[in-house]
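A short worksheet on the structure shown next.
Quick note: residue numbers are just sequence positions, from 1. Counting starts at 1 for both ligands and their atoms, following the listed order. Since we're looking at a predicted model, the values are computed, not measured. Both backbone and side-chain heavy atoms feed into the values below; hydrogens, waters and symmetry mates do not.
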Amino acid sequence: MADISGELILGQSFGVLESGQKDQVIQELQDGSILMLANLILPYITPIAEYISLGPVTRACASRKKTFRRSEEMLDRHKEVVRSSQPDNLPPSIFAHLFAEQQQQRPQSLQEGGDELDQLEIISNAVNFIANGTETTANTLTYLIWAVCRHPETRMQLLEELDALSVDELDDQHLRRLSFLSQVVEETLRLYPAVAGGLLRTVPAEGAEIAGHWIPGGTTVSCQAYSMHRDPKIFPNPYVFYPERWAEPSPEMRMAMMAWGGGARTCLGIHLARMELRLGAVHFFRAFPQARISTVAGMSDADMEPEMVSFTAPKGHRCLIECR
Ligand code: HEM
């Protein structure tokens, strides 16, 4: 997932798959990820931590600065590649069209005092996409593979659906039509949402009634996927991984799902993430139909207990699968 983020966002893979090592940018991103939580709980802590040593928060700020610098270098290289490419043959990245457009508009915008997108804005967005789009998708795919391996009947049904695919049909155009695969993805997102904690919202100035309570305007309210997705009135036997419940979801189920957030502000990468999950799951189970959860090195369900810091991740920081 890190390599996909690198290619799509910064125009270059991080080479994690080839090297088997975490890239520096990804390591620094993870080191800086507690900032998301820190900013949520104490929004003013980051500016203070820049000047006064506040242990892990100050270290996280330093890591985030390094991420910015490295991302900027990679984006500069990518910009050069885009600018030397033919307009009808741009590299497939999120920023390629934007860089190409900037180049075309450059003389006019410089004349008019500069209409170009701010460099800092571009880097901030790039870092935001990588930070939000890498661990989330990687951890969700990990939970999907683990959950399917744990349920032989689910695996069998999924394999039956995949067996019907020809080699030419292994693209997302075909995969998005697979009904059981999409039920498996949905159920994984329900039980193991990558963002399981509270998402903050501000009540409009005129106030609002929420669940029978009057809440004054300006109040910060929040709701979280973890408990919404486990409401037994909406999801019977909520702790059971049961993809079939999504065959004909009720309006209440749809309303309660907030794996991507809820309301006017939601995840910007939903379609990309769904595509990655479908392709990742299909290629994995076609290559390793007999994959099973390993018991070597003491690997057990306890390793997969969701740990929720910035994103939901397996508590044991590993998921050992045997593919023979
Ligand atoms: C399974 C994978 C993913 C899950 C479960 C997920 C979930 C979420 C959630 C719950 C939010 C918070 C929305 C809110 O505040 O209401 C969010 C925000 C965001 N996501 Fe995702 N996400 C995933 C993958 C991705 C990918 C692949 C990208 C893009 C490359 C991405 C980009 C973003 C961005 C940029 C935001 C911030 C939006 C904002 O600030 O308004 N996400 N995501």
Side-chain angles (χ1 to χ4, degrees), residues 1-14 25-26 29-30 32-33 35-37 39-41 43 64 67-68 71 74-75 78 92-96 98 121-147 172 175-176 181-182 184-203 220-229 255-281 284 306-314 319:
M1 296 304 171
D3 290 346
I4 296 172
S5 293
E7 277 197 38
L8 282 181
I9 297 158
L10 303 176
Q12 299 130 78
S13 166
F14 292 118
V25 170
I26 298 299
L29 257 180
Q30 284 183 339
S33 65
L35 285 183
M36 279 193 200
L37 200 66
N39 286 333
L40 203 68
I41 300 166
R64 198 39 63 95
T67 309
F68 263 71
S71 302
M74 289 175 80
L75 271 178
H78 183 44
S93 79
I94 289 178
F95 292 105
L98 189 134
E121 221 173 357
I122 296 176
I123 302 167
S124 303
N125 272 293
V127 172
N128 196 11
F129 291 168
I130 297 174
N132 282 295
T134 306
E135 233 181 296
T136 45
T137 323
N139 294 353
T140 307
L141 184 59
T142 305
Y143 273 113
L144 186 154
I145 290 171
W146 174 74
D172 197 59
L175 301 191
R176 71 173 63 175
L181 174 66
S182 73
V184 168
V185 169
E186 216 52 29
E187 186 67 345
T188 307
L189 290 165
R190 182 186 73 81
L191 265 182
Y192 310 105
V195 183
L199 297 172
L200 308 187
R201 299 291 187 266
T202 306
V203 174
T220 301
V221 291
S222 92
C223 186
Q224 63 284 331
Y226 186 87
S227 41
M228 287 295 285
H229 294 182
M255 281 289 286
M257 266 300 271
M258 49 177 295
W260 310 103
R265 183 180 179 177
T266 54
C267 173
L268 290 182
I270 299 177
H271 303 295
L272 172 62
R274 282 193 182 282
M275 206 185 283
E276 289 182 75
L277 294 172
R278 285 190 289 260
L279 284 163
F284 180 87
E307 181 179 68
M308 290 153 211
V309 184
S310 302
F311 300 121
T312 305
C319 176

For side chain to side chain contact (heavy atoms under 4.5 Å, CB included), just list the numbers for Leu189 and Trp260, CA-CA rounded to whole Å, side-chain angles, deciding distance to a tenth of an Å, and then say yes or no.
CA-CA 9 Å; Leu189 290 165; Trp260 310 103; 3.5 Å; yes

Nearest protein heavy-atom contact for [atom]: which residue, which atom, what distance?
| atom | answer |
| --- | --- |
| atom 41 (O) of ligand 1 | Arg265 NE, 2.6 Å |
| atom 1 (C) of ligand 1 | Thr140 OG1, 3.4 Å |
| atom 35 (C) of ligand 1 | Phe129 CD2, 3.5 Å |
| atom 12 (C) of ligand 1 | Leu199 CD2, 4.1 Å |

Just jot down the ring pair (Phe, Tyr, Trp, His ring centres under 6.0 Å) partners of Phe311, sequence neighbours excluded, or say none.
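Here no residue qualifies.
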
Looking at residues at least two apart in the chain, or sitting in another chain, which of them share a ring pair (Phe, Tyr, Trp, His ring centres under 6.0 Å) with Phe284?
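Per chain and number, Phe284 pairs via ring pair (Phe, Tyr, Trp, His ring centres under 6.0 Å) with Phe288.
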
Considering only heavy atoms of Ala259, which atoms of ligand 1 have at least one such atom less than 4.0 Å away?
5 (C), 7 (C), 10 (C)

Using a 4.5 Å cut-off on heavy atoms from C-beta on, say whether the side chain of [Y] contacts that of [X].
| X | Y | value |
| --- | --- | --- |
| Thr67 | Ile130 | no |
| Arg201 | Arg265 | yes |
| Tyr143 | Pro314 | yes |

Trp146 and Cys319: which non-hydrogen atoms are nearest, and at how many Å?
CB-SG, 3.9 Å

Shortest non-hydrogen contact between Asn139 and Thr312, atoms and distance:
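Answer, listing the atom of Asn139 first, then Thr312: ND2-O, 2.9 Å.
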
For atom 16 (O) of ligand 1, which candidate among His271, Arg201, Met258, Met275 holds the nearest heavy atom?
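Nearest heavy atom to atom 16 (O) of ligand 1 lies in Arg201.
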
If we only look closer than 2.8 Å, how many protein N, O or S atoms does atom 21 (Fe) of ligand 1 have near it?
1

Output all residues satisfying side chain to side chain contact (heavy atoms under 4.5 Å, CB included) with Leu175, sequence neighbours left out; order by chain, then residue number.
Leu165, Asp172, Leu178, Leu181, Arg278, Leu279, Val282

